[in-house]
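All remarks here apply to the structure that follows.
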Amino acid sequence: MERIVFFDGECNFCDKSVQFIIKRDPSAVFSFASLQSEIGKAQLQKYHVPSHIESFVLIEHNKYYVKSTAALRICKHLKGLWKLCSILLIVPRPIRDAVYTFIAKRRYRWFGKKESCTLPSPEIRKRFLS
């Protein structure tokens with residue numbers, strides 16, 4: 001089963017979120033690619049993700065999920081109590097996405113932009129699409 005997480009490669013918060021997922025995904029369920037990468041753009045086009053999407057995107061079961069739905073569906077597969085966060089999927093999406101959007105609009109101001117890419121270990125690097 002292919003599960004791919006697309007993230008903003010320039011965002012410190014997004015980078016930390018990817019590191020958070022990797023640490024709690026010992027079975028390597030997820031692969032990763034930045035939204036800005038050529039492979040990311042090609043994959044998003046393949047799955048018909050609208051080009052204006054700038055949030056976390058999860059591809060799962062050949063469908064795409066964005067914003068809070070993507071984040072909470074990712075939580076379902078993480079080890080530990082993080083699985084419980086997926087219960088928030090019962091909250092209506094407009095409410096969840098309003099909170100997500102509030103944070104997303106301020107992510108650069110609060111967490112900054114990356115000056116350079118994090119260089120993962122070879123083991124972790126295999127999980128990034130190239």
Side-chain angles (χ1 to χ4, degrees):
M1 160 116 26
E2 186 173 48
R3 288 189 180 98
I4 308 169
V5 175
F6 297 93
F7 61 96
D8 180 348
E10 298 175 345
C11 170
N12 282 328
F13 181 70
C14 300
D15 180 60
K16 294 294 183 195
S17 297
V18 168
Q19 300 309 315
F20 178 89
I21 294 166
I22 289 169
K23 186 175 179 181
R24 288 154 186 83
D25 178 26
S27 301
V29 170
F30 296 104
S31 297
F32 303 91
S34 82
L35 294 166
Q36 295 88 352
S37 69
E38 292 304 315
I39 189 86
K41 291 175 188 173
Q43 288 291 306
L44 293 173
Q45 188 173 30
K46 172 184 170 184
Y47 289 101
H48 308 288
V49 177
S51 60
H52 69 277
I53 298 293
E54 295 180 358
S55 74
F56 247 38
V57 177
L58 170 65
I59 302 295
E60 183 178 45
H61 303 293
N62 292 316
K63 294 168 78 174
Y64 74 87
Y65 303 92
V66 297
K67 297 186 177 188
S68 65
T69 304
L72 294 172
R73 288 183 71 90
I74 290 167
C75 286
K76 271 182 16 180
H77 302 284
L78 302 180
K79 72 178 186 178
L81 294 177
W82 293 103
K83 292 177 185 302
L84 296 177
C85 290
S86 65
I87 193 77
L88 294 173
L89 286 165
I90 65 171
V91 173
R93 188 171 50 86
I95 295 170
R96 290 186 279 117
D97 282 352
V99 173
Y100 182 98
T101 300
F102 178 83
I103 295 167
K105 283 185 176 180
R106 293 156 180 82
R107 70 186 187 270
Y108 292 142
R109 188 171 354 135
W110 292 347
F111 303 100
K113 279 187 158 185
K114 293 169 48 165
E115 296 295 321
S116 61
C117 295
T118 304
L119 194 57
S121 68
E123 180 180 304
I124 299 297
R125 202 171 313 150
K126 289 186 280 186
R127 297 180 63 186
F128 286 79
L129 303 180
S130 56

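A quick note: this is a predicted structure, and the numbers were derived from the prediction, not measured. For this chain, numbers begin at 1 and follow the sequence in order. Just the heavy atoms: all of them, side chains too, but no hydrogens, waters or symmetry mates, feed the values below.
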query: If you measure from SG on C85 to CD1 on I74, what distance do you get to the nearest 0.5 Å?
result: 12.0 Å
query: If we only count heavy atoms from C-beta on, is the S34 to F7 side-chain gap below 4.5 Å?
result: yes
- request: Mind running side-chain contact (heavy atoms from CB on, under 4.5 Å) on I4 and F6 for me, showing each step along the way?
  value: CA-CA 6 Å; I4 308 169; F6 297 93; 3.4 Å; yes
message: Are there over 12 heavy-atom neighbours, none belonging to L89, within less than 6.0 Å of that residue's CG?
response: yes
field: Pairwise side-chain contact, L44 with V57, heavy-atom cut-off 4.5 Å (strictly under)
entry: yes
- request: Could you tell me which residues satisfy side chain to side chain donor-acceptor pair (under 3.5 Å) with Q36, sequence neighbours excluded, listed by chain and number?
  value: D8
task: Can you tell me which residue pairs pass the salt bridge (Lys or Arg N to Asp or Glu O under 4.0 Å) test with a partner in residues 64-84, sequence neighbours excluded?
output: E60-R73
Common cluster, V66/L88, ILVMFWY with side-chain heavy-atom separation under 4.5 Å: no
statement: The salt bridge (charged side-chain N to carboxylate O under 4.0 Å, His left out) partners of R106 (sequence neighbours excluded) come to none
query: Going only through I, L, V, M, F, W and Y residues with side-chain contacts under 4.5 Å, is there a path from L72 to I21?
result: no
message: Filter on ring pair (Phe, Tyr, Trp, His ring centres under 6.0 Å), then keep only pairs touching residues 62-90, sequence neighbours left out; what's left?
response: F20-W82, F30-H77
message: Considering only residues two or more places apart or on different chains, which pairs with a residue in residues 38-52 satisfy side chain to side chain donor-acceptor pair (under 3.5 Å)?
response: E2-Y47
- request: Count the heavy atoms belonging to other residues, nucleotides or ligands that lie under 6.0 Å from CG of L84, then report whether that count exceeds 12.
  value: yes
field: Straight-line distance of S17 OG to F32 CZ, nearest 0.5 Å
entry: 10.5 Å
message: Ignoring hydrogens, what is the shortest heavy-atom contact between I39 and A33? Give both atom names and the distance.
response: CG2-CB, 4.2 Å
- request: May I have the step-by-step check of side-chain contact (heavy atoms from CB on, under 4.5 Å) for I59 and V49, ending in yes or no?
  value: CA-CA 10 Å; I59 302 295; V49 177; 4.3 Å; yes
field: Listed once per pair and sorted, the salt bridge (Lys or Arg N to Asp or Glu O under 4.0 Å) pairs that draw on residues 91-105, sequence neighbours left out
entry: R93-D97
